[in-house]
Amino acid sequence: MDKTYSPGEIEARVYRLWETNGLFAPAGDGSPYCIVIPPPNVTGTLHMGHAFQDTIMDALTRFHRMAGDRTLWQPGADHAGIATQMVVERQLNAQGLTRHDLGRERFTERVWQWKEQSGGAIARQMRRLGASVDWSRDRFTMDPGMSQAVQEAFLRLHDEGLIYRGKRLVNWDPVLKTALSDLEVQSEEADGHLWHIRYPFADGQGHVTVATTRPETLLGDAAVAFHPGDERYRGLEGRRIALPLADREIPMIADDFVDPAFGSGLVKVTPAHDFNDYEVGQRHGLPLINVLAADAKLGDAAPARYHGLDRFDARTRIVGELEAAGLVEKVEPHRLVIPKGDRSGAVLEPWLTDQWYVRIAPLAEPAIRAVQDGRIRFVPANWDRTYFEWMRNIKDWCISRQLWWGHRIPAWYGPDGAVYVGRSEADARARAGLPADLPLVQDEDVLDTWFSSALWPFSTLGWPGDTPELRRFYPTSVLVTGFDIIFFWVARMIMMGLRFMVDVPFREVYVHGLIRDHEGQKMSKSKGNVIDPLDIVDGIGLEELVAKRVTGLMQPKLAPAIERSTRKQYPHGIAPYGTDALRFTFASLATQSRDLSFDLGRVEGYRNFCNKLWNAARFVLMTAESPVEAGPETLSPYDRWIRSRLDATVAAVRDGFAGYRFDLAAQAAYEFTWYEFCDWYLEFSKTVMQSPDVGADQRRGTRRTLLETLEALLRLLHPLMPFITEEIWQRVGPLAGRTGDSIMRQPYPSVLPGAAAPEVESEVRWVMDFILGVRRIRGELDIAPSVPFELRLQNAAPLDLERYARNEGALRRLAGIAGATPLAAGEPAPQAAAALLGDLRILVPMAGLIDVGSELARLDRRRSKIEQELARADAKLGNEKFVRNAPAAVVTQERERVLEFKRELAQLAEQYERVASLR
RNA sequence: GGGUGCUUAGCUCAGCUGGUAGAGCGUCGCCCUUACAAGGCGAAUGUCGCAGGUUCGAUCCCUGCAGCACCCACCA
């Protein structure tokens, strides 16, 4: 093995081993465990969020697979309607074309081509991350099977009256020219104006003043409303107003929704262009006057002179004309909320169209109950409140989109406009008993991408067919997702799953945080702080990194600042850290926090951890690889100690996985590996293996413990660091008596009966404290490690002497001492620095070794520390109430501490005197 | 306007049902001791946001406040 771990050469080889041996497919007769992947956009690339999420899912998958479950991690990708269509349209635009130049058929062909060309990127990246998905079951939301599921779901919901078509206001994106659901609306605050406009009465007798932020919609006004209780306007109901510029009359009406305190207390009511006004219009039977066209230019219902005018130009012009007519009373600056499309960024319009909707209340109700009664559990639990909050206020879901890329709505129209729904045109015809020659035209629209995503947990498993996979793996075990798509996706899967499968789609929802940069900023192209996860795996040079960040910016003027900060932060680019280091970083980042700051420093730390493990393995192989003659074995205290510690670690790591606390699992494994196995056990083992006077049977025991502990540790770490553990295991596994192709299919370590050895732990603790005490003196008094010295032991109890004798080899080696002899009865203690270990005083004689001044300083530091502790403990015990009320064990413990402190202080004082007398 | 989080060492974060404050990175010493300098040994560092309350005892539970972040919402 090389002296340094180099991930690059190993990872590709190891992944190939797994994939070609078919190790990702479900196997065995264990209980089923299944995770469906949140399908990434098929033409997208893997970002840090994906890498993080995939790491978690892969860790769970590998953990359960090793624990004996029949485990499926179901992969797939999403067609991502709007996002993908926009990418391809942009490509066309670059050639000076629009999708209309190609027409629907050629355009969708073109999207398919783009999908074929770029669709493999994510899968390749996932392989680099070690994702153990069952590639043979890879699915795409536009696959024939998926499409069938979509049609079936649509049909059934429609038959049950849960899908309907209706003309009403929707959120309209005038750039993409499609309807959007409420969730796709991003509200943004902005500075605008509040125009106070005079509306003259039709009879010429005065006017009223209304306040509006959207004067151009005046052309669509159908009334002016005031609050019924508003004294100022009492009696005005029914009074006619001559709508300026529009040459129409509209009535005054009274309605509760008006806030008398806002503006003038009068609202212009524009039912076709505002959601509130729409409601008011319904209540009062007002006409819907739709003055905007699909592109948000003024249309037919507006006076002819405004036709074709863009809405914002129309605003300027209308305000100008009103001013000219003396109808603008005042203009105030006003903070308002502007709805924008989450993809296009266009300012949306409430617009009157025919759309398809899902009647959501009947679906939401059982979905709420499923979480209430615990059939679905959110982790962390408090996310259920967010879920309830939304579900209880949910509105019908607009599912039709005026796009070309997506699942075509399975509805056909007859010549008379009648609607026929079916799995296909023939099916629709058959279901309605229509004659073959009746011409039918399919609905032009496609379904919201999230409609197919909502079916994902069962459509991927074969629904509407009744497949073995569906029966075995549904409900799936856990959904791993970010909180940003709880509404978009999680809630809808629950509703659809309960409707079609009559059971929840998953039993648990693990909601993880969002990966941000090291300063807690969201990663985004325009901030220039995006890191490609594979650049951490493979490394990237500075120039290339800068180029990556500044090309393709929406706002090129940001480039210099991004370049500067990138050069400052990564003066040497990014080193190749390997997948395992990245994955371990993600695991340790997976706390319960919502915002997870990603710091490359941690990756470096865990890269070092990989190297540490690698070298520990090298050591184990060097000491234990050569065959030894068979024979009886004896375990040393250190062997039993490390086995006991491993056992505790296994318990902690398993707890971590069970509770989705990957950070705690990672931490427990890290600490065991580095601080117990490497720092102590390997050193202890040297005293056994490299000392001439240790018997062969004990050597065999240690050799076996080295191999078995390392081997178990590799299995323990494997879900988090699959590559390095596999690579090492290939050599260590067989030596530890394991057979098999791969660590992947080995059992996950379990807590073993009899492994925990508290009495051994306490003896080894004594040994370690002994060593630490001596090392501290050495460190604080600057005695070089190469200078051995002879110790004297004062106040040694028989147990101390026994322990010393049993562990002398380790003590000599690890404390760097030449030996230790107890003081004889009555023998005066030499001038010495002392370490305290209970009653035992470990003396480092000072002759020729120690500087009096620095020893006194050391004693002083120690004394003030103990005095502080003592003062606190004393105060506690001085409090009668504490003594009376605290549990006896706590009080006793506190008393013991006080005794301990006092004893140590006395010893320190004595020691101080003695050393001081040397001056 | 409603809701949800967060505030612990210079930085990033743990801290399980209240009982002596921890880790990584960074910092400071001493070491190339044949697994590992991507390392070893040792050291320093905290009014646990602020103010009350409950309790023998609060980083932890309760209340209020401040700051930060996010989500939802129709005030023209």
Side-chain angles (χ1 to χ4, degrees), chain A residues 1 3-5 182 187 194 210-214 217 225 257-259 261-264 266-270 274-279 334 336-337 350 380 382-383 385-386 388-390 393 483-484 486-487 514 518-520 575 577 581 588-589 591-602 604-623 655 659 661 663-664 667 670-671 675 678-679 682-683 686 690 772 775-780 782-786 813-814 816 861 869 872-873 876 879-887 889-891 893-894 897:
Chain A
M1 286 173 83
K3 201 168 171 180
T4 304
Y5 172 60
D182 296 345
S187 297
L194 192 60
V210 301
T212 181
T213 56
R214 300 209 52 196
T217 63
F257 107 100
V258 181
D259 175 2
F262 188 91
S264 59
L266 287 175
V267 185
K268 65 193 228 22
V269 181
T270 318
D274 182 281
F275 289 103
N276 264 321
D277 294 3
Y278 181 82
E279 299 294 327
H334 186 67
L336 72 166
V337 176
N382 51 286
W383 284 110
R385 303 193 55 165
T386 304
F388 290 140
E389 186 72 14
W390 189 68
N393 299 302
F483 55 81
D484 48 336
I486 287 181
F487 306 145
L514 260 34
H518 69 289
E519 287 173 323
Y577 292 112
S588 64
L589 226 47
T591 63
Q592 300 208 338
S593 177
R594 283 179 185 201
D595 299 314
L596 311 172
S597 302
F598 186 90
D599 187 345
L600 263 189
R602 294 192 72 164
E604 185 169 349
Y606 295 124
R607 187 271 317 258
N608 295 354
F609 178 62
C610 291
N611 194 234
K612 188 77 180 173
L613 182 65
W614 183 256
N615 277 289
R618 276 181 66 215
F619 171 78
V620 171
L621 289 170
M622 281 165 67
T623 32
D655 280 353
R661 289 302 303 269
D663 58 326
L664 301 181
Q667 194 182 354
Y670 181 97
E671 289 176 353
Y675 305 132
C678 292
D679 285 354
L682 294 188
E683 297 305 322
K686 289 176 190 172
Q690 295 172 14
L772 289 170
R775 277 179 185 168
R776 178 177 295 152
I777 291 174
R778 206 183 263 285
E780 291 182 359
D782 276 350
I783 307 171
S786 50
R813 183 178 177 119
L814 302 188
R861 282 199 301 271
E869 297 273 338
R872 281 167 64 175
K876 244 179 169 176
N879 183 347
E880 274 178 50
K881 292 173 180 173
F882 170 72
V883 179
R884 202 166 53 230
N885 297 321
V890 173
V891 177
Q893 190 194 350
E894 210 59 31
R897 291 184 68 218

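Below, read A as the first sequence line, B as the second, and so on, with proteins coming before strands; counting in each chain starts at 1.
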Measure from the side-chain heavy atoms of [X] and tell me the nearest of [options].
X	options	result
A:D259	B:rC71, B:rA76, B:rA23	B:rA76
A:E389	B:rG2, B:rU4, B:rA23	B:rG2
A:N382	B:rC56, B:rG5, B:rA76	B:rG5
A:N608	B:rC56, B:rG39, B:rG42	B:rG39

Any [X] side-chain N or O less than 4.0 Å from OP1/OP2 of [N]:
X	N	result
A:R775	B:rG29	no
A:H334	B:rA76	yes
A:N611	B:rA38	no
A:T213	B:rA76	no
A:K686	B:rU34	no
A:N615	B:rA38	no
A:R214	B:rA76	no
A:K3	B:rA38	no
A:S597	B:rC13	yes
A:R602	B:rU12	no

Does [X] reach a base, just sugar-phosphate, or nothing at all? Heavy atoms under 4.0 Å.
X	result
A:S593	sugar-phosphate
A:F262	base
A:Y606	nothing
A:R385	sugar-phosphate
A:D679	sugar-phosphate
A:R778	nothing

(request) Starting from Watson-Crick (N1-N3 plus N6-O4 or O6-N4) and G-U wobble pairs under 3.5 Å, report the runs of at least three that RNA chain B belongs to. (result)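 Stem list for RNA chain B: B:1-7 with B:66-72, B:10-13 with B:22-25, B:27-31 with B:39-43, B:49-53 with B:61-65.
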(request) To the nearest 0.5 angstrom, please state how far the OG1 atom of A:T386 sits from the CZ atom of A:F483. (result)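 Reported to 0.5 Å precision, the distance equals 9.5 Å.
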(request) Taking the six-membered ring for Trp and the full ring for Phe, Tyr or His, determine whether the centres of A:Y577 and A:Y606 are under 6.0 Å apart. (result)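 No; A:Y606 has its ring centre 6.0 Å or more from that of A:Y577.
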(message) For the C1' atoms, the ones on B:rA14 and on B:rC48, what distance do you get once it is rounded to whole angstrom?
(response)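 Per the computed distance, 13 Å lies between those C1' atoms.
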(message) Between B:rC65 and B:rA9, how far apart are the two C1' atoms, rounded to whole Å?
(response)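 These two C1' atoms come out 26 Å apart once rounded.
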(message) Looking at every heavy atom in both A:S264 and A:V210, which two are closest together, and how far apart are they?
(response)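 So the two residues come closest at OG-CA, 3.8 Å.
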(request) Please confirm whether any donor atom in the side chain of A:K612 sits under 3.5 Å from an acceptor in the base of B:rC36, or the reverse. (result)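 Result: at least one qualifying N/O pair found.
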(message) Side chains of A:R385 and A:N382: any donor to acceptor distance under 3.5 Å?
(response)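 Looking only at side-chain atoms, A:R385 and A:N382 do not form any donor-acceptor pair under 3.5 Å.
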(request) To the nearest Å, give me how far apart CG (A:L336) and P (B:rC75) are. (result)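 Spelled out: CG on A:L336 to P on B:rC75 is 10 Å.
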(message) Rounding to an integer number of Å, can you tell me how far A:F609 CZ sits from B:rA35 C1'?
(response)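 The distance from CZ of A:F609 to C1' of B:rA35 comes to 15 Å, rounded to the nearest Å.
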(request) Would you check, one step at a time, whether the test salt bridge (charged side-chain N to carboxylate O under 4.0 Å, His left out) holds for A:K686 with A:E683? (result) CA-CA 5 Å; A:K686 289 176 190 172; A:E683 297 305 322; 3.0 Å; yes
(message) With nearest nucleotide decided by heavy atoms, which residue, A:F598 or A:P887, maps closer to the 5′ end of RNA chain B?
(response)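 Its nucleotide being nearer the 5' end, the pick is A:F598.
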(request) Specify whether A:W614 and A:Y5 have parallel, tilted or perpendicular ring planes, treating 30° as the upper limit for parallel and 60° as the lower limit for perpendicular. (result)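 Ring orientation, 0 to 90° scale: tilted.
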